[in-house]
Amino acid sequence: MRFAAASLAVVALGTGAVSSAHAGAPAKGRVEVLELDVRNDQYTAVDLGPAGPSLGDMDVYSGTAVKDGQSVGRGGGSCQVIHVKGEELTSQCLITMEVEQGSLTLQSLWTKGAATLDMAITGGTGAYRGARGIARFWDIATPNERARLEIQH
């Protein structure tokens, strides 16, 4: 079970933060929109309970944020199964992304197999201190994975 979406989110954040860094510090009270590509580079699944999908299982990942073909950040996170209903698995996903101007944190619930993933931007450091907003991911776990972040400063 691969949670590339979370990995994407992490990568996407890094790309956005780097774009802002090149443009100077974002103005307080404005929304910054970042369109990013995600490149997953490391992944492992941890099967904690009985063999097979079960409560507590985790997916851990890292990746790179890409903008205009260039790496602009790095990050990683994990998704842990918090609810099992037959074949349907719901996980809580947490991601942190580091870039030159600071870091961003993201959090959400995700149901395995969902076409998109919306994550709350829950904070950050540096130029992203106190950031809020939403990050949406598409084409999760594919070579075309991408994200759009709307960061409120």
Side-chain angles (χ1 to χ4, degrees), residues 1-46 48 56-83 89-153:
M1 175 159 123
R2 187 169 177 204
F3 285 87
S7 181
L8 285 180
V10 175
V11 173
L13 287 177
T15 303
V18 172
S19 296
S20 297
H22 294 289
K28 191 102 173 142
R30 78 174 183 98
V31 175
E32 176 182 358
V33 176
L34 306 169
E35 304 278 347
L36 311 163
D37 293 324
V38 178
R39 301 291 180 257
N40 299 303
D41 61 10
Q42 293 184 8
Y43 167 83
T44 192
V46 181
L48 294 176
D57 289 354
M58 289 182 24
D59 292 275
V60 182
Y61 44 82
S62 66
T64 303
V66 178
K67 181 81 173 170
D68 300 325
Q70 301 229 331
S71 172
V72 295
R74 67 186 180 108
S78 62
C79 291
Q80 185 170 34
V81 175
I82 61 165
H83 190 262
L89 302 177
T90 302
S91 294
Q92 175 174 259
C93 300
L94 304 169
I95 296 171
T96 301
M97 184 63 198
E98 258 185 352
V99 295
E100 186 177 334
Q101 293 292 309
S103 66
L104 287 162
T105 56
L106 300 135
Q107 182 174 355
S108 71
L109 292 181
W110 187 64
T111 301
K112 180 183 177 187
T116 61
L117 171 65
D118 289 339
M119 298 189 81
I121 297 171
T122 58
T125 64
Y128 296 97
R129 180 178 178 194
R132 295 286 182 257
I134 188 166
R136 171 164 277 193
F137 296 88
W138 293 272
D139 296 327
I140 297 165
T142 74
N144 299 316
E145 190 171 353
R146 64 195 191 286
R148 175 187 169 93
L149 286 76
E150 296 177 11
I151 304 168
Q152 300 170 4
H153 293 273

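Residue numbers count from 1 along this sequence. The basis for the numbers below is simple: all heavy atoms, side chains too, and nothing from hydrogens, waters or symmetry mates.
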key: Worked check of side chain to side chain contact (heavy atoms under 4.5 Å, CB included) between Asp59 and Ser91   = CA-CA 9 Å; Asp59 292 275; Ser91 294; 5.5 Å; no
query = Where do Arg30 and Gln152 land on the side chain to side chain contact (heavy atoms under 4.5 Å, CB included) test, with the steps shown first?
reply = CA-CA 6 Å; Arg30 78 174 183 98; Gln152 300 170 4; over 6 Å; no
request  = Could you give me the CA-CA distance, side-chain angles and deciding distance for Ile151 and Tyr128, then say whether side chain to side chain contact (heavy atoms under 4.5 Å, CB included) is met?
outcome  = CA-CA 9 Å; Ile151 304 168; Tyr128 296 97; 4.0 Å; yes
task = Given salt bridge (Lys or Arg N to Asp or Glu O under 4.0 Å), test Arg146 with Asp37 step by step and report yes or no.
result = CA-CA 4 Å; Arg146 64 195 191 286; Asp37 293 324; over 6 Å; no
request  = Step by step, work out the side chain to side chain contact (heavy atoms under 4.5 Å, CB included) result for Leu117 and Ile140.
outcome  = CA-CA 8 Å; Leu117 171 65; Ile140 297 165; 3.8 Å; yes
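Put simply, OG on Ser62 and CZ on Arg39 are 14.5 Å apart, with the number rounded to the nearest 0.5 Å. Atom-to-atom distance recorded for Leu94:CG and Thr122:OG1 is 8.0 Å, nearest 0.5 angstrom. Distance check, rounded to the nearest 0.5 Å: CD of Gln92 to CG of Leu109 gives 6.5 Å. Interatomic distance, Gln80 CD to Leu89 CG, rounded to the nearest 0.5 Å: 12.5 Å. Between the CE atom of Met119 and the SG atom of Cys93 there is a distance of 5.5 Å, given to the nearest 0.5 Å. Atom SG in Cys79 sits 7.0 Å away from atom CH2 in Trp110 (nearest 0.5 Å).
In plain terms, the two heavy atoms of Ala65 and Met97 that are nearest each other are CB-CE, 3.8 Å. In terms of heavy atoms, Gly73 sits closest to Val99 at CA-CG1, 3.9 Å. The two atoms that bring Leu106 and Ala135 nearest to each other are CD2-CB, 3.6 Å, heavy atoms only. Summarising the geometry of Gly56 relative to Leu48, their closest heavy-atom pair is O-CD1, 2.9 Å, with the distance given to 0.1 Å. Ser78 and Met58 get closest at one heavy-atom pair: CB-CE, 4.3 Å. Here the closest non-hydrogen pair linking Ile121 and Glu150 is CD1-O, 3.9 Å.
Take Thr116 and apply the side chain to side chain donor-acceptor pair (under 3.5 Å) test, not counting sequence neighbours, and it matches no residue. Here Thr90 pairs with nothing under the side chain to side chain donor-acceptor pair (under 3.5 Å) rule; sequence neighbours left out.
In this structure a side-chain-to-backbone donor-acceptor pair under 3.5 Å is missing from Lys112 to Val81. No donor-acceptor distance shorter than 3.5 angstrom exists from the side chain of Tyr61 to the backbone of Thr44, with no hydrogens or angles considered. Using a distance-only test at 3.5 Å, with no hydrogens or angles considered, no donor-acceptor pair links the side chain of Thr96 to the main chain of Thr105.
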